[in-house]
2 protein chains.
Amino acid sequence: MSKTTSPSKPQTRIQKRNIMIILDAALEVFSTYGFRGTTLDQIARQAGLSKPNVLYYFDGKEAIHLALLSQLLETWLDPLRAIDPQGDPKTELMRYIRHKLQMSRDFPRESRLFANEIVQGAPRMQAFLQGDLRDLVDEKAAVIQAWMKDGKLTQLDPFHLIFSIWALTQHYADFEAQIRLVRGSNITQPHDGSEDFLDQVFQKLLTP
Amino acid sequence: MSKTTSPSKPQTRIQKRNIMIILDAALEVFSTYGFRGTTLDQIARQAGLSKPNVLYYFDGKEAIHLALLSQLLETWLDPLRAIDPQGDPKTELMRYIRHKLQMSRDFPRESRLFANEIVQGAPRMQAFLQGDLRDLVDEKAAVIQAWMKDGKLTQLDPFHLIFSIWALTQHYADFEAQIRLVRGSNITQPHDGSEDFLDQVFQKLLTP
DNA sequence: GTCTATAGACGGATAGAC
DNA sequence: GTCTATCCGTCTATAGAC
């Protein structure tokens, strides 16, 4: 057993290091060109390795992509999971929004990897979306719903509220190219001002 | 001059018809698989034509894609252009939002074609984004800014406001797969309830 | 573990018959 | 205008030397 699909088996430091290098290179390329738009040559070049060497560590292009997705999905749910039913409603939601926006700012490649998959019909993420994610969304939507019934928040459809948070936060990573080109030199970062704006929007929106 | 890059030269009815069929088929496939993920075989099969026959009408894969994009960009700006500086601020913006949401509902493939391009860095749309779109956005942002100064709307960053409208409306088309899988059989259409939700959100947000 | 060379499949595009 | 057959480049993946 020499080849590795997921980087979870016993490895030397060299192996670990190369696997990390490959995954980082692959994230860069997959998030920019999508699965089919990416070639092993590109990944190898970005990683500074030869193509066969990349294939020594992973069973193939599909396996690299799968490793990236699984790695991503493990942490993707964390911010939503962190919403505490016992906490203060507005505080919890505002924290969630800031958390998601931070992820969009700090891990834009991961966001675009995800976006690429979804826009193209989520062929490799169906199980996740209709399994873990769906369960978690149902659970938290119920929590939000209860908060609203208690009058702690504006009455809104909790599912649409969650989707709107996703849309607004991920937009800055996924459509970064558009923001950058439309705003030009008026901004330095596509995220400029996004935190203040979303803070203002949701403060106003959520307050009954 | 037999081959046609853009369907704008004199044509017989048959030619017009086949060009339309090819463009529709190509939109279906490009919007689902992206540019590189799409093959001419797929387009030909979807169109019910042979591959060489497709290439009889267009100079190549790139030309088909270009024709779709140009066609799309012509109408993409219309809703934003329709914002009337003389009109009632909230009415104008709410109309814009509903208009954008309708386009997302009625032309989801066009929205995803666009999204695919942007997520991947907008390699074929730079000129449009930093040209026509940018000029129009600057112009309308100034209008919105003036409305806000007059106290007719909540004071917000007008650029972020425009981006948030794009994010929220296009999300229902671009991330349709996610919404469908997360909501499962609880909804029939990914757009279910989106109009009421966005109405409620922006009514509350824009009212000073 | 890493490389060069190459097999084998696929995709874009063309030739040429009808 | 439309088809079959095919060329040629690119891409994934493997063979095998070192």
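Small disclaimer: the values here were computed from a predicted structure and weren't measured. Here is how names work: the chains are called A, B, and so on, in the same order as the sequence lines, proteins then strands, and each is numbered from 1.
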Table please: side-chain donor-acceptor pairs of residues 21-35 of chain A below 3.5 Å, with sequence neighbours left out.
| unit_1 | atom_1 | unit_2 | atom_2 | d |
| --- | --- | --- | --- | --- |
| D24(A) | OD1 | R109(A) | NH2 | 3.0 |
| E28(A) | OE1 | R109(A) | NH1 | 2.7 |
| S31(A) | OG | L27(A) | O | 2.7 |
| S31(A) | OG | E28(A) | O | 3.2 |
| T32(A) | OG1 | E28(A) | O | 2.8 |

For residues 135-142 of chain B, which side-chain N or O atoms pair as donor and acceptor with protein atoms under 3.5 Å away, sequence neighbours left out?
| unit_1 | atom_1 | unit_2 | atom_2 | d |
| --- | --- | --- | --- | --- |
| K140(B) | NZ | R81(B) | O | 3.4 |
| K140(B) | NZ | I83(B) | O | 2.7 |

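The CD1 atom of I21(A) sits 10 Å away from the P atom of dT2(C) (whole-angstrom rounding). Counting to the nearest Å, the C1' atom of dT2(D) and the CD atom of Q15(B) are 13 Å from each other. Protein atom CD of Q42(A) is 13 Å distant from nucleotide atom P of dT10(D), rounded to whole Å. Separating the CZ atom of F58(A) from the C1' atom of dT12(D) is a distance of 16 Å, rounded to the nearest angstrom. What separates CZ of R17(B) from C1' of dT2(D) is a distance of 15 Å, to the nearest Å.
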Using the 3.5 Å cut-off, write out each protein N or O paired with an N or O of nucleotides 9-12 of chain C and the distance between them.
| unit_1 | atom_1 | unit_2 | atom_2 | d |
| --- | --- | --- | --- | --- |
| dG12(C) | OP1 | T38(B) | O | 3.2 |
| dG12(C) | OP1 | K61(B) | NZ | 3.0 |
| dG12(C) | OP2 | L40(B) | N | 2.7 |
| dG12(C) | N7 | K51(B) | NZ | 3.2 |

Any protein N or O atoms within reach of nucleotides 16-18 of chain D? Criterion: under 3.5 Å, listing atom names and distances.
none

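How far CG of L156(A) is from CD1 of I162(A): 11.5 Å, rounded to the nearest 0.5 Å.
A search for side-chain hydrogen bond (donor to acceptor under 3.5 Å, both in side chains) contacts involving S185(B) returns nothing, not counting sequence neighbours. Qualifying side-chain hydrogen bond (donor to acceptor under 3.5 Å, both in side chains) partners for E195(B), counting only residues two or more places apart in sequence or in other chains: R105(B). Remark: D196(A) pairs with no residue by the side-chain contact (heavy atoms from CB on, under 4.5 Å) rule, at least two apart or across chains. With sequence neighbours excluded, the residues forming a ring-ring contact (aromatic ring centres under 6.0 Å, His included) with F114(A) are W76(A), listed by chain and number.
Between Y56(A) and dA13(D) there is no side-chain polar atom (N or O) within less than 4.0 angstrom of OP1 or OP2. Look at S50(B) and you'll find a side-chain N or O under 4.0 angstrom from OP1 or OP2 of dC3(D). Between N53(B) and the phosphate of dG1(D), there is no side-chain N or O to OP1/OP2 separation shorter than 4.0 Å. Contact check, N18(A) against dT2(C): a side-chain N or O comes under 4.0 Å of OP1 or OP2.
Judged by distance alone, the side chain of E74(A) and the main-chain N or O of Q71(A) form no donor-acceptor pair under 3.5 Å.
Legend: side-chain hydrogen bond (donor to acceptor under 3.5 Å, both in side chains) pairs involving residues 167-181 of chain A, not counting sequence neighbours, sorted by first then second residue: K100(A)-Q170(A), S111(A)-D174(A), R112(A)-E176(A), Y172(A)-H160(B), E176(A)-R180(A).
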